[in-house]
Each structure stands twice: as C-alpha cells, then as structure tokens.
Amino acid sequence: MIHMKHDKVMNIAKKRGFLWSSFEIYAGVAGFYDYGPLGALLKDLIIDKWKNYYIIREGFYEIESPTVMPEEVLKASGHVDNFTDPMTECKECLEVYRADHIIEEMINRDVEGLSNEELTQIISEEKVMCPRCGGHLTKVWNYNLMFQTLIGAKGKKTGYMRPETAQGIFIPFKRLLRFFRGKLPFGVVQVGKAYRNEISPRQGVIRLREFTQAEAEIFVNPEDKTHERFHEIKDTMLKLYSGEIQLAEGEPVEISAGDAHDKGIVSSQILIYQLYIAQKFLRELGIPDEVIRFRQHLPTEMAHYAIDCWDVEVYTEKYGWVEIIGIADRTDFDLKSHTEHSNEDLRVFIEHDVPKMVKKLTIKPNMSKFGPYFKEDAPKIIKALEDIDVEEVKKSIESDNAFNIQIEDKNFELLPEHLNFEEIEEIIRGEKIFPHVIEPSYGIDRIVYSVLLHTFTEDNEREYFKLPKEIAPVEVSVFPLLNKKELNQIALKIRGDLRDNGFIAQFDTSGTIGRRYARSDEIGVPFAITVDHESLDDKKVTIRNRDDLKQKRVLISDIPEILDDLMKSKIEFEDITQ
RNA sequence: GCGGCUGUAGUCUAGUCUGGUUAGGACUUGGGCCUUCCAAGCCUACGACCCGGGUUCAAAUCCCGGCAGCCGCACCA
C-alpha cells in the first residue's frame with residue numbers, strides 16, 4: 001500500500017530535522033526515534049500548550065518522579081504480574097503464540113487467569129499442538145513488556161523502567177494530599193518518558209519503546225463526579241463512538257456534552273469535561289474535527305481497573321484510527337492497591353456536610369469495685385474491653401449475670417457490679433474514603449505525528465506544515481531580497497533585534513528569494529520578513545504571511561511589536577497598518 | 001519472534017543477473033556568479049555501495065550470518 005501523505009510528511013520531517021529513527025549509524029533499533037532540532041522545539045511547544053491547559057487553566061500542579069521504579073511499586077500496580085503475555089513456542093517450527101489464545105482456540109476452553117504452570121499442564125494433558133506444523137509446544141513463559149534493570153552496585157534490587165507516568169503520582173499521594181490541604185478534588189500532572197519493550201514495534205512513531213506521556217491524575221470524591229464548569233460546555237458537540245454503537249456496527253454520532261451525560265453515554269460530567277478539553281486542545285494544534293473521534297472501550301477491552309474509558313482517536317491514512325489520548329475513570333484501584341501493599345493509608349477524610357449523630361452503647365467499668373477486685377490485671381481487662389462487642393457483653397451479663405473474658409490464657413469473670421452500660425451519642429464528622437481517579441493520558445509522540453500529518457498542506461505547488469503559529473518551531477524568517485551585503489546587514493540587524501525580543505528567528509541568503517520562502521514555508525514558519533533596496537531609504541521591509549502569501553510593508557522599528565501582536569493573536573495579519 | 005521481499009550520497013536512482021579502470025546521473029545542500037518578491041539559470045564543491053565474515057588475483061556484484069525497512073502472521077496493560 002502506498003501512503004503518499006505519510007511518506008511525504010516523514011521524508012520532510014527527516015530532511016528538515018523534525019524526526020528520524022535513532023541510532024541510525026548503527027543501523028537503528030526499532031521503536032526508538034530522535035527528535036531533531038525542529039522536532040524538539042515543536043514537541044516542547046506542544047507540551048507547553050498542554051501545560052497551559054492543565055496547569056494554568058485547570059489549576060493542577062506538576063510533579064516529576066523517577067523513570068526507574070523499584071519492583072514493589074509495579075508489583076502493587078499490577079504491572080509485574082499483569083503487564084505480561086503468556087507465551088509458548090513450537091519446538092519444531094519456532095512459531096511463537098500467546099499460550100492462552102492458542103488453548104482457547106484449539107480446545108475451546110476458557111483459561112483466563114490461570115497461571116503459567118496450569119497453562120503448561122493443560123497444553124500437555126490436552127495435547128495442544130502447534131496449529132501450523134503440529135509440533136510440540138514449550139512450557140509457558142511470561143513476556144513482560146517492561147524493561148527490567150538492576151538497582152545498585154551489587155544489583156540485588158530489581159527495578160523497571162516505568163511503563164506509565166501515572167504510578168509516580170500515586171506513590172507520593174499522601175504528600176500530595178497534604179499539599180492540597182486534604183481537599184478533593186485536585187489534579188496532579190506529570191510529563192515524561194515511559195517505556196514498553198514491545199515485541200515488534202513497526203508503526204514508526206506511533207508505537208515506540210520509549211515515549212513521552214503527559215498525564216493528569218484527577219482525584220475526585222467517588223460520590224461527586226460532577227464538574228463545576230460543566231454548564232459552560234454542555235452545548236459543545238462531541239463525536240462519540242460508544243461501545244453500544246460499536247457492537248451494533250454503527251457510526252459515531254455527534255452529540256452535545258449535556259446529552260452525552262443525560263443519556264448516560266459517558267459515565268460522568270468530569271469525564272465528559274476531559275473529552276471536551278482534549279477536543280479543544282487538538283483543534284488548536286491544527287487537527288481538524290473530521291479526523292477526531294471519541295471511542296469508548298468495550299467491556300471486554302477495558303483494563304481491570306477502569307469503569308469507563310474513552311480513547312481520543314485521530315484518523316491517519318496509514319494506520320487508520322489511532323489512539324492518541326486515553327481518558328479513563330481508574331476508580332480507586334491504584335490507591336487501594338498501594339494501600340494494601342505499602343500499609344500506608346492512602347484514603348482521604350471526607351467531612352460530612354452535617355455531622356451525623358450516632359447512638360452507641362459503651363461500657364464504663366465501675367472502678368470502685370473493678371479496681372480492688374482485679375487489682376494488677378485491671379488495666380489489661382479495661383484495654384481488652386475497648387475492642388469488644390458491647391452488645392454481647394451486655395447480653396451475657398443480663399442472662400448469665402457474668403461475662404467471661406480470656407486474656408493471655410487467663411480467664412476473668414466480670415460480674416454485673418463491675419460494669420455500667422451507658423448509651424452515648426457520638427458525632428461522626430466524616431469518613432475516610434479512597435478517591436477515584438480520572439486520568440487523561442496524552443501520547444505526546446503520537447500527537448506530534450498527528451500534527452505534522454494533518455497540518456501538512458499542498459497547494460499551488462507548495463508543500464508545507466501549516467502549523468498554528470503558537471507551535472511553529474521557527475517564528476520568523478528574515479531574508480534579503482537579493483544576496484547583497486547592504487541588504488544582508490539590515491536583515492541580520494533585524495534578526496538580532498527579533499532574537500533580543502525573544503523570537504526564534506532565522507536568516508537565509510542561499511538561492512533565490514522564492515527558494516528561501518519555500519524553505520521557510522516547508523518547516524511552517526508563519527511569517528517572513530524581506531529586506532529590499534527601498535528598505536535602505538524608507539526603513540521599511542515587507543512582512544509576508546505564510547498561509548496566503550500576502551505582504552505588508554512596515555517600518556523596521558515596528559517589527560518586534562507587530563510580530564508580538566501577531567504571535568499572541570492580538571491582531572490578524574490583515575489588520576497590520578502599513 | 002516466524003516467513004517473503006528489499007538495502008548504492010540528505011532524496012530518487014544507474015550499475016548487481018554475466019565479479020574487473022577513478023561506482024554514473026538527477027534533485028537537495030554549501031560557496032560563488034547572475035538576479036528587484038515566491039523552488040529559474042551558470043560555475044564549483046561536499047557527499048554513497050547497511051554491518052561482519054567467506055569464496056576469489058579481484059566483491060556494490062557470488063555465498064553465509066547479523067541489523068534495519070516494507071508486507072503477511074503473531075503480539076499490542
């Protein structure tokens with residue numbers, strides 16, 4: 001199959017320094033890509049924009065945690081045990097299979113959740129053979145997608161490269177909760193590398209072994225998944241491809257955020273709000289609506305920890321619909337699991353709106369009798385009574401006139417005169433709960449690819465990335481109309497001024513003016529400034545708009561201000577006064 | 001990981017079957033000339049046989065192994 005656009009985009013990306021495969025002079029390694037000079041800038045600008053959305057607009061805070069994680073963490077998260085596939089290999093033809101799949105296929109038996117040993121046993125007992133050549137299969141082994149490493153000089157401690165940035169946020173939850181002064185909801189983000197040792201990654205930058213994630217973990221009260229700004233977005237249209245529609249083999253439907261909530265298509269306001277943010281973000285990166293859709297995970301494909309999960313997918317000619325963002329309700333799975341494994345209480349105290357009054361029967365030892373009777377054993381007994389079922393004691397006393405209690409192999413008989421029962425009213429101000437986690441997870445590399453693919457434009461024999469100016473790696477080009485010393489001097493001076501004003505500006509004298517414009521357009525530079533002979537007299541230059549080729553003549557001294565206004569969208573190009 | 005196909009400058013490609021001078025061309029890129037606004041022209045320079053081993057007097061060319069890419073299978077919390 002020919003993928004003209006993909007091939008063109010990747011060729012230009014390689015040629016002009018956006019992206020290329022890593023370790024090229026050593027033939028490369030599949031699943032690793034370098035960002036070149038322009039690619040690194042572009043990626044940073046996209047991440048900046050992402051942070052602008054999540055940190056500034058949503059009010060979340062960013063943290064940074066290590067990419068190497070000790071085994072315990074990933075044991076608790078389930079990655080050590082579950083981020084694996086059981087594999088088996090044919091001894092004859094060396095074909096590799098998913099062990100569970102082959103058993104289900106060959107003998108039609110559900111083996112989900114069985115251990116490798118059990119799978120191996122089934123294979124030998126049921127005589128499951130290689131479906132291709134009939135050969136014997138090896139015993140089942142786990143292929144874990146994580147990169148394993150050893151921590152420390154003696155290498156006794158097993159570590160893994162993190163398979164997602166999320167875990168780095170769950171681990172310091174107690175400190176984060178304290179930072180946010182104990183109140184839900186709050187959000188924490190992390191941008192960084194994650195690692196998955198894919199068996200055979202062959203989808204370019206779409207499937208990398210080392211990739212960049214931008215994730216937010218939003219901790220919410222499970223009883224309250226509303227969003228305070230939902231009313232502002234309820235009329236926004238979203239193209240939803242729900243599980244139900246997928247099963248019915250239907251088409252995605254355009255539906256308003258409000259309806260999506262009212263009809264229960266998306267499980268909560270806060271989840272829909274995240275879909276809305278994702279859509280807005282992608283639009284502003286120059287990805288058109290037609291190639292964006294939200295696809296709900298089917299119950300069968302949903303991760304074990306999630307109750308609802310939507311992928312934001314972008315259409316690509318080469319790979320079809322590609323997940324570039326995953327938005328999941330992870331519930332309390334992670335915090336609960338880390339609580340069990342670490343013995344740290346990762347719950348949050350939720351104060352009730354109105355304190356609850358609870359009537360409760362308590363035991364009050366009658367110390368004037370109790371003390372002298374039990375003497376040195378009295379404190380022990382009192383302590384034991386604190387943890388005991390009061391109703392049971394009361395019943396026993398009422399029916400048998402005694403209650404027997406065992407402490408350290410000794411029996412004590414409590415008599416009615418030793419105890420008073422009192423009904424007290426207790427005030428319950430709140431309860432401890434595990435927050436639920438809403439997680440938008442952005443695959444930055446896939447987004448960079450989508451942006452390049454979908455901003456790539458061919459018109460009038462021009463081929464260029466029509467990057468929104470906000471994410472253009474180079475903001476302005478400065479050229480002499482002709483490669484003459486006196487023009488170059490002025491152009492260099494202008495470039496210097498622009499750099500002093502914080503713009504990324506480039507200067508180019510090679511070839512003719514047309515070629516220079518073409519080179520500048522190709523990498524998506526939104527504006528070009530050209531110095532001509534008249535500039536020597538009138539101190540004016542032309543400024544050219546990439547997208548419509550229009551030009552305006554402006555004073556050299558006004559350039560930094562004009563460009564600043566243009567870049568910040570305070571004015572449009574046609575508003576420039578000559 | 002398995003099978004098939006492929007691997008020559010930044011890009012596209014000639015040469016490989018049939019081993020033999022200094023691996024040829026086009027585009028791109030750098031420098032220069034020319035040129036008063038959108039990849040023009042001229043001069044000039046830089047730049048390649050995927051890696052390793054074998055056969056041979058001699059390997060881009062034949063053989064073996066590796067790596068990478070593409071396609072199919074498998075895999076894809």
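Proteins get letters first, then strands, A, B, ... in listed order; numbering begins at 1 in each.
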Nucleotide-resolved protein contact map, nucleotides 28-39 of chain B, B/S/- at heavy-atom distance under 4.0 Å: SSS----BBBBB
Using the P atom as the point on both nucleotides, what is the distance between B:C73 and B:G10, in whole Å? 34 Å
Could you work out the separation of B:C46 and B:C27 based on their C1' atoms and round it to a whole Å? 15 Å
Taking A:D521 as the fixed residue, which of A:K466, A:R546, A:R544, A:R16 is the one that meets the salt bridge (charged side-chain N to carboxylate O under 4.0 Å, His left out) rule? A:R544
Complementary nucleotide of B:C5, counting Watson-Crick and G-U pairs under 3.5 Å: B:G69
Using the side-chain contact (heavy atoms from CB on, under 4.5 Å) criterion, which residues pair with A:R553? Sequence neighbours excluded. A:D532, A:E534, A:S535, A:D538, A:K540, A:T542, A:Q578
Distance check, P atoms only: B:C17 and B:C63, in whole angstrom units. 9 Å
Between A:Q203 (CD) and B:C70 (C1'), how many Å, whole number? 13 Å
When you compare B:G1 with B:C75, how far apart are their C1' atoms, in angstrom units rounded to a whole number? 9 Å
Nearest-Å distance, CD1 (A:I523) to P (B:G10)? 20 Å
B:C17: pairing nucleotide in any strand, Watson-Crick or G-U under 3.5 angstrom: none
Using the P atom in both, what is the distance from B:C49 to B:A9, to the nearest Å? 8 Å
Contact nearer the 5' end of RNA chain B, comparing A:Y26 with A:R207: A:Y26
Provide the Watson-Crick or G-U wobble partner of B:G41, both distances under 3.5 Å; none if there is no partner. B:C33
Within 45 degrees of the ring normal and closer than 6.0 Å to the centroid, is that where the cationic atom of A:R293 sits relative to A:W321? yes
Length of the line joining A:K14:NZ and B:A9:P, which is rounded to integer Å: 11 Å
Please list all pairs passing the salt bridge (Lys or Arg N to Asp or Glu O under 4.0 Å) test where one or both residues lie in residues 325-335 of chain A, with sequence neighbours left out. A:E164-A:R330, A:K225-A:D329, A:R330-A:D334, A:R330-A:E439, A:D332-A:K336
State which residues pass ring pair (Phe, Tyr, Trp, His ring centres under 6.0 Å) with A:F219; sequence neighbours excluded, sorted by chain then number. A:F173, A:F186
Is B:C62 paired to anything, Watson-Crick or G-U wobble with both distances less than 3.5 Å, and if yes, which nucleotide? B:G54
In whole angstrom, what separates A:Y143's OH from B:A74's P? 18 Å
Sorted by chain and residue number, the ring pair (Phe, Tyr, Trp, His ring centres under 6.0 Å) partners of A:F527 (sequence neighbours excluded) come out as none
With rounding to the closest Å, how many angstrom separate the P atoms on B:U56 and B:C51? 23 Å
Could you tell me how far B:C5 sits from B:C43 if I compare only their P atoms? Round to whole Å. 45 Å
A:I12 CD1 to B:C12 C1': how many Å, rounded? 15 Å
Enumerate all atom pairs, one protein N or O and one N or O from nucleotides 45-53 of chain B, separated by less than 3.5 Å.
none

Please check if atom CD in A:E461 has more than 12 non-hydrogen atoms from other residues, nucleotides or ligands closer than 6.0 Å. no
Searching all strands shown, indicate the nucleotide that pairs with B:C49 (Watson-Crick or G-U wobble; both distances under 3.5 Å). none
Only distances under 3.5 Å count here; give the side-chain donor-acceptor pairs of residues 444-451 of chain A to other protein atoms, sequence neighbours excluded, each with its distance to 0.1 Å.
from, atom 1, to, atom 2, distance (Å)
A:D445, OD1, A:Y35, OH, 2.6
A:D445, OD2, A:T212, N, 2.6
A:R446, NE, A:I206, O, 2.7
A:R446, NH1, A:E323, O, 2.7
A:R446, NH2, A:I206, O, 2.8
A:Y449, OH, A:H6, ND1, 2.7
A:S450, OG, A:R446, O, 2.8

Under the side-chain contact (heavy atoms from CB on, under 4.5 Å) test, residues paired with A:S21 that sit two or more places apart: A:E24, A:Y33
Let me spell it out: for each of A:R209 and A:N11, pick the nucleotide of RNA chain B with the closest heavy atom. Which residue's pick is nearer the 5' end? A:N11
When the ring planes of A:Y195 and A:F147 are compared, do they come out parallel, tilted or perpendicular, using 30° and 60° as the limits? perpendicular
Calculate the interatomic distance between A:K8 atom NZ and B:C12 atom P; express it in whole Å. 14 Å
When the distance from CG of A:L19 to P of B:G10 is rounded to whole Å, what number comes out? 18 Å
What ring pair (Phe, Tyr, Trp, His ring centres under 6.0 Å) pairs are there with at least one residue in residues 64-91 of chain A, not counting sequence neighbours? A:H79-A:F83
A:L145 CG to B:C75 C1': how many Å, rounded? 9 Å
Whole-Å C1' distance, B:U44 and B:U8: 24 Å
